[in-house]
Amino acid sequence: MDTSPRIGILSAMHDEIDALLKLLTNVKKITKGQRTYYSGTLFNKEVVLVFSRWGKVASTMTTTQLINDYNLTELIFTGVAGGLQNDLNIGDIIVGGDLFQHDLDASPLFPKFHIPLLNKAGITTAFSEKLLKATAVFLQDFKRHIDPSTIAAFKLEQVKARIGTILSGDQFISSSTKISELLSDIPQAQCVEMEGAAVAQVCYEYDIPFSIIRTISDKANDNATLDFPKFAKEVASLYAAGILKAYFDMK
Ligand code: ADE
């Protein structure tokens with residue numbers, strides 16, 4: 001057990017981890033259960049960084065191990081997501097306000113989406129306002145972080161950020177029929193991904209403040225399988241480091 005207080009950073013993207021690793025100093029690396037945990041200093045803060053892996057089970061396991069092996073003061077999740085609202089475009093940012101597992105349904109024993117024994121469906125995040133402010137700082141300086149050809153290629157001229165509801169489930173969503181189903185159940189949902197709500201539940205049960213930033217990589221429709229890998233590889237990694245730096249500078 002590493003007892004120094006640290007901020008946990010969990011990312012669902014290899015490219016984000018690689019970008020952050022380049023900036024991490026005093027690195028100490030531990031591999032356990034097929035995950036590698038990197039502790040060290042990032043933008044003057046003591047952190048531990050790990051790739052969440054994909055899906056609810058994998059990310060739950062990573063989170064549980066992380067919380068038990070390190071003395072976390074908070075956990076921040078970064079990654080990409082499919083946009084569900086019409087006005088969201090690739091490159092926009094959702095700071096999670098609350099999260100639901102959209103594939104959790106133990107009805108009629110419990111209402112749809114309710115987490116058995118916790119007696120709640122949505123899990124609320126910590127520090128979302130502060131993270132949104134950090135995102136605004138990053139966006140003010142966007143052109144310093146992202147080069148003009150990438151901005152033009154991905155049409156990132158008018159990137160917006162807001163706090164909202166994130167859905168998680170063990171499915172990659174790539175159909176407008178599925179989007180309509182999700183929105184008929186949870187109309188305020190902004191984006192969909194495969195880990196956040198599970199990680200939020202683990203943090204809630206261990207009483208660790210949890211926050212999450214998701215960048216829209218696709219619109220969860222027929223184009224999603226094409227848009228997602230391209231954005232993830234070429235752009236997403238540039239966002240995480242920029243937003244985290246602004247966030248840490250505020251602490
Ligand atoms: N992560 C990024 N895009 C996604 C999508 N369309 N569905 C689920 N997870 C995602």
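Numbering of ligands and ligand atoms starts at 1, following listing order. Heavy atoms only: backbone and side chains are in, while hydrogens, waters and symmetry mates are out.
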With M61 as partner, the option from K56, R35, R53 fulfilling side-chain contact (heavy atoms from CB on, under 4.5 Å) is R35
Discussion item. Ring-plane angle category for F138 and Y239, please: parallel below 30°, perpendicular beyond 60°, tilted otherwise.
Written reply: tilted
Across all chains, not counting sequence neighbours, the side-chain hydrogen bond (donor to acceptor under 3.5 Å, both in side chains) partners of N68 are Y206
So the salt bridge (Lys or Arg N to Asp or Glu O under 4.0 Å) pairs with at least one residue in residues 127-146 (sequence neighbours excluded) are D141-R144
Sorted by chain and residue number, the residues having a heavy atom closer than 4.0 Å to an atom of ligand 1 are V80, A81, G82, Q171, F172, I173, V192, E193, M194, S217, D218, A220, F228
- Task: Can you label the angle between the W54 ring and the H14 ring as parallel, tilted or perpendicular, going by 30° and 60°?
- Result: perpendicular
Show me the donor-acceptor pairs within less than 3.5 Å that the side chains of residues 23-33 make with the rest of the protein, sequence neighbours left out.
{"unit_1": "T25", "atom_1": "OG1", "unit_2": "T41", "atom_2": "O", "d": "3.3"}
{"unit_1": "N26", "atom_1": "ND2", "unit_2": "T41", "atom_2": "OG1", "d": "3.0"}
{"unit_1": "T31", "atom_1": "OG1", "unit_2": "T36", "atom_2": "OG1", "d": "3.1"}
{"unit_1": "K32", "atom_1": "NZ", "unit_2": "D69", "atom_2": "OD2", "d": "2.8"}

